[in-house]
Amino acid sequence: MHALKFRPNRFARTILMMLLAMTGAVAATAADYRLELVETDWELRPGLTTRAWSFGGTVPGTPIIVRQGERVRIEVINRLPEATNVHWHGLILPVQQDGPSLSIQPGTTHTYEFVAGKTGTYWYHPHFMPVLPQLDRGLYGSLIVLAPEDARYSGDHTFVLDDWLLDAQGRRLEGTAPGDMERHGNVETVNGKTGPAIAPLRLVKGELHKLRFINASTASVHNLSIQGHRFKVTHTDGQALALPFLTDSIKLAPGERIDAELAASGDPGRSYEIASSRRSSGMVIPIVYGNGSVPAVSSPFVTPKPRGYSIDPNARPDIVLELGSAMARGMYGHGMIGRGNTGNAPAMIWTINGCAHPDTLPIDVPLNKVVTMRVYDRDMMGMMMGHGMEHSVHLHGTTFQVLSINGSAPTGELWKDTVPIPTHGYVDLAFVMTNPGDWMLHCHIIDHEDGGMMTVVRAR
Ligand SMILES: [Cu+2]
């Protein structure tokens, strides 16, 4: 059935993919994966184990690493006590493969099948409402579509960032801390490990490594700083930047990804680290140098061809969305209460143009036409409560060009699938839907998504 049937371990697979990429072989390859959703006792660090839900027994779940143009077949076996589904965040797929409309019942199997399109750093997670109790228990994994040039880095490393709200025994604490409207953790993890259990990044002077960061947290923004080095940010949400830039700190809102190059320019023998601004929660990646050095590796980054839409910046956007919130009772007594509110959560609903999902109005867009959209943060409730959090808006089924943020165009073309909306500000976007279907648009702060900040873009 498949030209290449291979159920390899991660490393064998990566090497195979790199060889294929290097030789430029145009093989009709197929990738077969099997993701079994199971309850797992997961060790975050020695002495701290929690009961997680996982794709394949590990947190993050089985990494999916494929090549552009490869046929991907993923068998999903649900061994959890409740129904679920899987969304391939950032991939542009036929709507039946996108996830949210599916319900994979306990004890049943569903097979996704699609062709990997654009190269880049993506991820997967359930999109079954309410999403929070599933994603927040560890149900996520990376999905990498390798580019040929990726094989020329000295190393290619994926870091999936998350946070967990646990007691000292590792038991999951439900709800949110007093005064919080979103669920934030007290233990932060990199690839499912915290503090001293996080694997160091090992470098040799002269090398050039590719780092892929994925924020799988349901609400927390992660700010990472690096010592003694600089990141060269090359991709946002898997899309190559027209103008990569150097920085010593990066910020990822929920759902966002950043790819960066790291030139090993430090002193051999010295140690460095990449650390979160909340470093006491355990998110610290040590950087350890081996002995010796290699000739400096030059960047294989390929500057993308310009593909921006030509849009009159003074034209009115086709679609205007206003993000807001309200108290579920009292001020907002129309029964429009999001389904995700649980008994012990604050009685907030989160709205788009005044309505909470499933009562939000669908947005109709034509297929294969450029659509412009302005998204405002009008979260007055949040402002009154001193909240001021950036909603992280994700659109399924396409990547969009960020035209401007608070009226300022980015330096160089910027393409994303998830974008934070500045507090009381706005973002202008443009996109083309190439596949017909109902595509979700929602806040990737999962408390907000479950609490109503979601609608559907109907492409016909
Ligand atoms: Cu939000």
Side-chain angles (χ1 to χ4, degrees), residues 1-21 25 27-40 42 52-80 83-128 134-135 137-147 150-151 156-160 191-192 212 214 216 238 257 396:
M1 182 166 62
H2 301 293
L4 178 69
K5 186 138 185 171
F6 196 54
R7 188 158 296 151
N9 66 41
R10 177 187 179 181
F11 302 104
R13 180 165 187 88
T14 305
I15 288 164
L16 174 76
M17 290 298 120
M18 284 177 168
L19 284 172
L20 287 169
T29 59
D32 267 16
Y33 283 89
R34 187 170 180 272
L35 295 176
E36 197 168 344
L37 282 74
V38 288
E39 271 198 311
T40 310
W42 182 250
W53 288 5
S54 74
F55 285 104
T58 60
V59 181
T62 308
I64 296 177
I65 304 170
V66 298
R67 281 194 317 140
Q68 189 170 27
E70 196 171 29
R71 177 155 283 283
V72 188
R73 191 173 171 279
I74 305 172
E75 193 184 8
V76 176
I77 304 152
N78 183 8
R79 304 244 185 259
L80 298 174
T84 188
N85 58 33
V86 188
H87 169 55
W88 318 98
H89 184 128
L91 294 190
I92 299 173
L93 302 175
V95 76
Q96 302 85 350
Q97 304 299 322
D98 190 56
S101 62
L102 281 168
S103 170
I104 308 173
Q105 294 299 317
T108 70
T109 296
H110 178 81
T111 302
Y112 290 84
E113 206 156 359
F114 52 81
V115 174
K118 281 146 50 105
T119 60
T121 303
Y122 306 101
W123 64 300
Y124 64 91
H125 60 80
H127 215 291
F128 194 85
Q134 299 195 350
L135 176 52
R137 280 188 164 88
L139 281 176
Y140 54 76
S142 60
L143 197 169
I144 310 296
V145 183
L146 289 171
D150 294 343
D156 187 337
H157 314 268
T158 300
F159 302 100
V160 188
N191 294 338
R212 305 174 191 258
I214 300 169
R257 290 89 65 210
H396 294 212

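Counting from 1, the numbers follow the sequence of the chain as shown. Just so we're clear, the structure is a prediction, and the values are computed from it rather than from any experiment.
- A pairwise comparison of heavy atoms in S54 and T40 identifies OG-OG1, 2.8 Å as the closest pair.
- Between V76 and T84 there is no side-chain heavy-atom pair separated by less than 4.5 Å.
- Side-chain contact between V59 and Y140 is present, with at least one heavy-atom pair separated by less than 4.5 Å.
- Here the side chain of N191 pairs a donor or acceptor atom with the backbone of V160 at under 3.5 angstrom.
- Atom OG1 of residue T109 and atom CD1 of residue I77 lie 5.0 Å apart, to the nearest 0.5 angstrom.
- Residues R79 and L37 are not in side-chain contact: their nearest non-hydrogen atoms beyond the backbone lie 4.5 Å or more apart.
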Chi angles and distances behind the side-chain contact (heavy atoms from CB on, under 4.5 Å) call for T119, D150
CA-CA 10 Å; T119 60; D150 294 343; 5.8 Å; no
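- Here the side chains of L146 and D156 are in contact, with some heavy-atom distance below 4.5 Å.
- Smallest separation of non-hydrogen atoms from V145 and Q68: CG1-N, 3.6 Å.
- Judged purely by atom type and a 3.5 angstrom limit, Q134 uses its side chain to pair as donor or acceptor with the backbone of A83.
- Distance check: L135 CG to H127 NE2 gives 9.5 Å after rounding to the nearest 0.5 Å.
- The backbone N or O of I214 lies less than 3.5 Å from no partner atom in the side chain of W123, so there is not a single donor-acceptor pair.
- For the pair P100 and H396, the minimum side-chain heavy-atom distance is below 4.5 Å.
- Remark: R34 engages E36 in a salt bridge, criterion side-chain N to carboxylate O under 4.0 Å.
- The shortest non-hydrogen separation linking R257 to G90 is NH2-CA, 4.1 Å.
- Nearest heavy-atom pair across A31 and V66 is CB-CG1, 3.8 Å.
- Counting only heavy atoms from C-beta outward, the side chains of Y124 and P60 never approach each other to under 4.5 Å.
- Pairing each heavy atom of R73 with each of T111, the nearest pair is CG-CG2, 3.8 Å.
- For the ring-ring contact (aromatic ring centres under 6.0 Å, His included) test with W88, the passing option among Y33, Y122, Y112 is Y112; the others fail.
- Distance CD1/I144 to OG1/T121: 4.5 Å, rounded to 0.5 Å.
- A donor-acceptor contact shorter than 3.5 Å is absent between the side chain of D98 and the backbone of L93.
- Looking at heavy atoms from C-beta onward, R71 lies in side-chain contact with E113 at the 4.5 angstrom threshold.
- Residues F128 and L102 fail the side-chain proximity criterion, which asks for heavy atoms closer than 4.5 Å.
- Side chain of E39 to backbone of L80: no donor-acceptor contact under 3.5 angstrom is found.
- Taking both residues in full, the closest heavy atoms of L139 and P126 are given as O-CD, 3.1 Å, listed atom of the first, atom of the second, then distance.
- Here the NE2 atom belonging to H125 is positioned 11.0 Å from the CG atom belonging to L143, to the nearest 0.5 angstrom.
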